[in-house]
Amino acid sequence: ADLRRRLTGQGWTLRDGVTSWQTIQRCLPGHHVLHVLAHGQFKPGELPGNGTAYLLLEHEGTERIARGAVDRVSDDEIIAGLAGVHPLPQLIFLAACDSARRPPAAAAATGANPFVGLAPKLVSRGVPAIVAMQDLVPMNLARTLTTDFYRNQFAWAIPVLFLRLKHGQLFSKPVAPRQPFEPEMVLIPAGEFKMGSDPGPGIPKHETPQHTVTLSAYYIGKYPVTNAQYAEFIKTLKLSDLGEAHARKPEGWLNLEPPADRLAHPVTGVSWRDAVAYCRWLGEQTDRHYRLPTEAEWEKAARGAAGRRYPWGDAWDPACANVGKDTTAVTDHPSGASPYGCQDLLGNVLQWTSTVWGTQPQQPDYPYPYRSDDGREVANPRALPAQARLVCRGGPYPFRGEALRCTARSNMTPDSTSSRTAWRGFRVAMDIR
């Protein structure tokens, strides 16, 4: 009772009942570390390189087996149980006998499966790091290990760290707060979405066929980059830099200052190379990996996994987008938000992406289905092929209705004069690291 009071007073949550594998599975989702203090066994198989590891936990109870009785849970049962846990723990600490034991080293010469035993199987299942015991561990030493957790103790039957991360980093470093000049970002979860359109009236061939694309998780700007945000970038440049292809003055600015009444409007008149330079600068200022979104990332952020025609649904609504005679503040149309909360995707400004269209304006060199590994995504912007045109997404304020569907595509050269119109801007993306 005294221990319970002390633990709860320190903020611990205590759960009563049997310590079964099923109980652990139910409690595990959302936790970063699983520390197991239990008896363990490894039983070699009849063939070289075979064997089964067990944790001795408690049984939930049946008509035949008493509740709390010993339950020898095999390594395969543990692996199967983890299949329903998402995300997996970053670290599993097995203070259990034989939990790191494998067949004799000589078995490797027979070509036996190296992932035999509990800890190796957990590695193969995808757990980033496992600490486990190679031999029998007396209870007093297991207790000491639990208390000290690697403070100059070496009598625990030699703990072994199984690590599958090349960089060896279990947890991300603390994320620095968003700076006042940084765009607000939205997380787009990993998974499939419908890209492109089915053939039909008014649908160009380069927009078809509709197909399924799977993307990893990423961040994308909630809004296009504004004049105020871009001004921070311009302030860091030397006057001699202005006029160069990588740092030109935006549309409508006086000297180096944006119009005071348009600070929340999207920045316009920036070339593709200008946008890339801004992303590079923003990353240097914040230690984050900013870049332009691919056209697939832009489209998923706009229409969601189900493939909406417009960010807000399948019916055109002029109140959800700026289709006026000039740009408006990026926050002026919240009803036009996508399923993920991104705004100002259609109307206001056409937006650059990182995706290469090709060299001819009417016919893409990279048709659908979209593939990120076929050359349309250039890893280094400086290596952009000569005469290449880039995909633009969204649609500017002079457009209306059907022309502003999420799947519409256009293209432009990265730094031509015509690319610096009064209705072309961009939003940023960021990798998850």
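Sorted by first and then second residue, the ring pair (Phe, Tyr, Trp, His ring centres under 6.0 Å) pairs with a member in residues 298-321 read Y310-W312, Y310-W316, W312-W316; sequence neighbours excluded. The side-chain hydrogen bond (donor to acceptor under 3.5 Å, both in side chains) pairs that include a residue from residues 336-347 are D344-N348, where partners are two or more places apart or lie in different chains.
Side-chain contact, Q229 with Y278: no donor N or O sits under 3.5 Å from an acceptor N or O. Side chains of T52 and S74: no donor on one and acceptor on the other come within 3.5 Å. For the 3.5 Å distance criterion, the side chains of E60 and S20 qualify, holding a donor opposite an acceptor. A side-chain donor-acceptor contact under 3.5 Å links R427 and Q351. Residues T286 and Q179 bring no donor and acceptor atom of their side chains to less than 3.5 Å of each other. The closest side-chain donor-acceptor pair between E207 and S197 falls under 3.5 angstrom.
When the shell of 6.0 Å around CZ of R4 is examined, it contains 12 or fewer heavy atoms from other residues, nucleotides or ligands. Heavy-atom contacts from other residues, nucleotides or ligands closer than 6.0 Å to CD of E284 number more than 12. Enclosure of atom CD in Q10 by more than 12 non-hydrogen atoms of other residues, nucleotides or ligands within 6.0 angstrom is indicated.
Not less than 6.0 angstrom separates the ring centroid of F42 from the ring centroid of Y54. Centroid-to-centroid, the aromatic rings of H211 and Y370 stay 6.0 Å apart or farther.
In terms of modelled atom types and a separation under 3.5 Å, the side chain of N411 and the main chain of P361 share a donor-acceptor contact. Within the 3.5 Å criterion, the main-chain N or O of H289 finds no donor-acceptor partner in the side chain of D431. With hydrogens and angles ignored, the 3.5 Å screen pairs a side-chain donor or acceptor of K300 with a backbone N or O of P189. Side-chain atoms of R308 come within 3.5 Å of backbone N or O of P311 as a donor-acceptor pair. Side-chain N or O atoms of D374 include one that pairs as donor or acceptor with a backbone N or O of R376 at under 3.5 Å. At distances below 3.5 Å, not a single donor-acceptor pair connects side-chain atoms of N322 with backbone N or O atoms of H333.
Partners of N380 by side-chain contact (heavy atoms from CB on, under 4.5 Å), not counting sequence neighbours, listed by chain and number: R382, A383. In this structure, Y366 has no ring pair (Phe, Tyr, Trp, His ring centres under 6.0 Å) partners at least two apart in sequence or on a different chain. Remark: H31 pairs with no residue by the ring pair (Phe, Tyr, Trp, His ring centres under 6.0 Å) rule, at least two apart or across chains. For R6, the side-chain hydrogen bond (donor to acceptor under 3.5 Å, both in side chains) partners are D2, not counting sequence neighbours.
Between L122 atom CG and I79 atom CD1 the span is 4.5 Å, to the nearest 0.5 Å. Once rounded to the nearest 0.5 Å, the distance linking CG of L28 with CG of L82 reads 6.5 Å.
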* Yes or no on ring pair (Phe, Tyr, Trp, His ring centres under 6.0 Å) for W281 and F181, after CA distance, side-chain angles and deciding distance? -> CA-CA 12 Å; W281 168 83; F181 56 83; 5.6 Å; yes
* To do: Given salt bridge (Lys or Arg N to Asp or Glu O under 4.0 Å), test E297 with R291 step by step and report yes or no.
  => CA-CA 12 Å; E297 290 172 336; R291 55 178 175 78; 2.8 Å; yes
* Asked: Can you list the steps and then say if T407 with E299 is a side-chain hydrogen bond (donor to acceptor under 3.5 Å, both in side chains)?
  -> CA-CA 7 Å; T407 54; E299 186 169 324; 5.7 Å; no
* Could you go through the salt bridge (Lys or Arg N to Asp or Glu O under 4.0 Å) check for R262 and D326 one step at a time? => CA-CA 11 Å; R262 300 169 69 94; D326 199 354; 3.0 Å; yes
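Ion pair E182/R288 flagged as a salt bridge, since at least one NZ, NE, NH1 or NH2 atom sits closer than 4.0 Å to an Asp/Glu carboxylate oxygen. Remark: R405 does not engage D314 in a salt bridge, criterion side-chain N to carboxylate O under 4.0 Å.
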